[in-house]
Amino acid sequence: MSIGYACLTIGIPGTSIRTCRKVNATEEKLKELILFNLESLENIIDYNIKNKIKLFRISSDIIPFGSSPVNTLAWWELFKPQFEQIGQKIKASGMRVSMHPGQYTVLNSPDEEVVLRAVEDLNYHARFLDSLGVGSEHKIVLHIGGVYQEKEIAVERFVSSYQMLSAAIKKRLVIENDDRSYTVSDVLSVSLTTGAPVIYDNLHNAINTSDVTKDDAYWIELTRKTWKPEDGPQKIHYSQQSAMGRIGAHTRTISLDPFMDFYHQVSREDLDIMLEVKDKSLSAIKCIIATTPQQHVKLLEKEWSLYKYSVLERSPKLYDVIRQLLKDKNSFPALDFYRLLDQALEMEVTTGTAVNAAAHVYGYFKNKATEREKIAFFKQLDKVEKNDGSLKTLKKMLWNLAVNYNEPYLLESYYFIL
DNA sequence: TGACGTCAAGATCCG
DNA sequence: CGGATCTTGACGTCA
């Protein structure tokens, strides 16, 4: 059982993915961006290994205009050493990666041009994974596409397009239920004719329901049969509905109580769970810690070290409650810890609490900062207190101090990103 | 024709 | 000039 996240690694320097506009996409620019992005990918893989994250979706933007005529580079040859090195790390660590072309890659469009571009896009994704040298259990996830008033005909078009795909794509392609057109039953029937395994998405199923009498465990059991040994363990997508957002909008973070309910219903060794959530890697780490058999309080202490100033900035009260909670070194109160943490993070940063936290963080530098730095900091602190200066500027000053005086504890802190 | 979703690029504004 | 904030792009479908 692996739990993973999609595309972005939150709060970790050197992991960003860059792109450019079509008009600016010169060969030079593209080469520069691809090299940059592959370095980021390697940093992400390193980070995942360090944090025991064994499931990860690689952003489709990793090669800018990867399937567009705008990009004529033979990137898979130009950056062969990089691909090999990254691929080695993925394989050696037993990590499973995937890619997921977005809603604009439509294999069943009545428009031939659209289908052609979709095939090109799938070629790009397959080529990327092939270049890493990873096996067929590293998947490309695709939705069925549009309906165009007649679902049956649209499905037939999907199937016939599917059959034209290269073996390199077919061995990786898996199909997912979506939140408006194709229910999990629809996708299962497409799987029956194509042989493509089915990714079950719980939130999409909740919105675009196939059968209200059936629960997640039922569909996971059913879709499991579409996964063959060469496909690797069955993979599903898990997300939660944002309370304030539109229907289908993902939550800021994964709420552990419902996740654990879900987990206990469906958990098994040969099931991988891809989380779809705004805070990405942060939720992956949360869910991995909450479900690990190696229950050591050290894991929570490490988490606390990263989050503590973000909590202090919102609620000194909860800050103390969590500190007390972690005092017992023989316990492993993961659920209580994250419940309190998430409760705090939902709270507003007020002037008073922000000033308090900033002053607290400044404590790291009170014996190091120059007179000039000290004066500048307290001047800005005073401004923030009087609602006359921005908190961002104040935190930027603290960040610069952390960099200049090399305080790793602060440099890792989510205080500067949450 | 705009909304949808997503992110960073690019543009513009501000001090 | 640097930093903060707003707008655009890239994609296809559907109302």
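We use all heavy atoms of the structure for the numbers below, so side chains are in, but hydrogens, waters and symmetry mates are not. Proteins get letters first, then strands, A, B, ... in listed order; numbering begins at 1 in each.
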Between [options], which one does the side chain of [X] approach most closely?
| X | options | answer |
| --- | --- | --- |
| Asn24(A) | dT5(C), dT6(B), dG10(B) | dG10(B) |
| Tyr104(A) | dA10(C), dT13(C), dC4(B) | dC4(B) |
| Gln103(A) | dA10(C), dG12(C), dC14(C) | dG12(C) |

Would you check if the distance from the ring center of [X] to the ring center of [Y] is below 6.0 Å?
| X | Y | result |
| --- | --- | --- |
| Trp304(A) | Tyr319(A) | yes |
| His125(A) | His138(A) | no |
| Phe378(A) | Tyr362(A) | yes |
| Phe416(A) | Tyr309(A) | no |

Can you tell me how far [atom2] of [N] sits from [atom1] of [X], to the nearest Å?
| X | N | atom1 | atom2 | value |
| --- | --- | --- | --- | --- |
| Lys395(A) | dG3(C) | NZ | P | 18 Å |
| Ile144(A) | dC14(C) | CD1 | P | 13 Å |
| Ile63(A) | dA10(C) | CD1 | P | 18 Å |
| Ile10(A) | dC7(B) | CD1 | P | 8 Å |
| Phe36(A) | dC7(B) | CZ | P | 17 Å |
| Gln380(A) | dG15(B) | CD | C1' | 13 Å |
| His143(A) | dC11(C) | NE2 | P | 19 Å |
| Leu116(A) | dG12(C) | CG | P | 12 Å |

Checklist entry - Within a reach of under 6.0 Å around NZ of Lys392(A), are more than 12 heavy atoms found that belong to other residues, nucleotides or ligands? => result no

Checklist entry - Is atom NZ of Lys317(A) surrounded by more than 12 heavy atoms (other residues, nucleotides or ligands) closer than 6.0 Å? => result no

N/O (side chain, [X]) to phosphate O (OP1/OP2, [N]) under 4.0 Å:
| X | N | value |
| --- | --- | --- |
| Ser109(A) | dT13(C) | yes |
| Arg117(A) | dG12(C) | yes |
| Lys22(A) | dC11(C) | yes |
| Tyr148(A) | dC14(C) | no |
| Arg21(A) | dT8(C) | no |

Checklist entry - Which residue, Thr19(A) or Arg180(A), contacts DNA chain B at a nucleotide closer to its 5' end, judged by nearest heavy atom? => result Arg180(A)

Mind checking if [X] touches a base, just sugar-phosphate, or nothing, with heavy atoms under 4.0 Å?
| X | answer |
| --- | --- |
| Gly146(A) | sugar-phosphate |
| Thr105(A) | nothing |
| Lys280(A) | sugar-phosphate |
| Lys396(A) | nothing |

Next on the checklist: With nearest nucleotide decided by heavy atoms, which residue, Gly145(A) or Thr393(A), maps closer to the 5′ end of DNA chain C?
Outcome noted: Thr393(A)

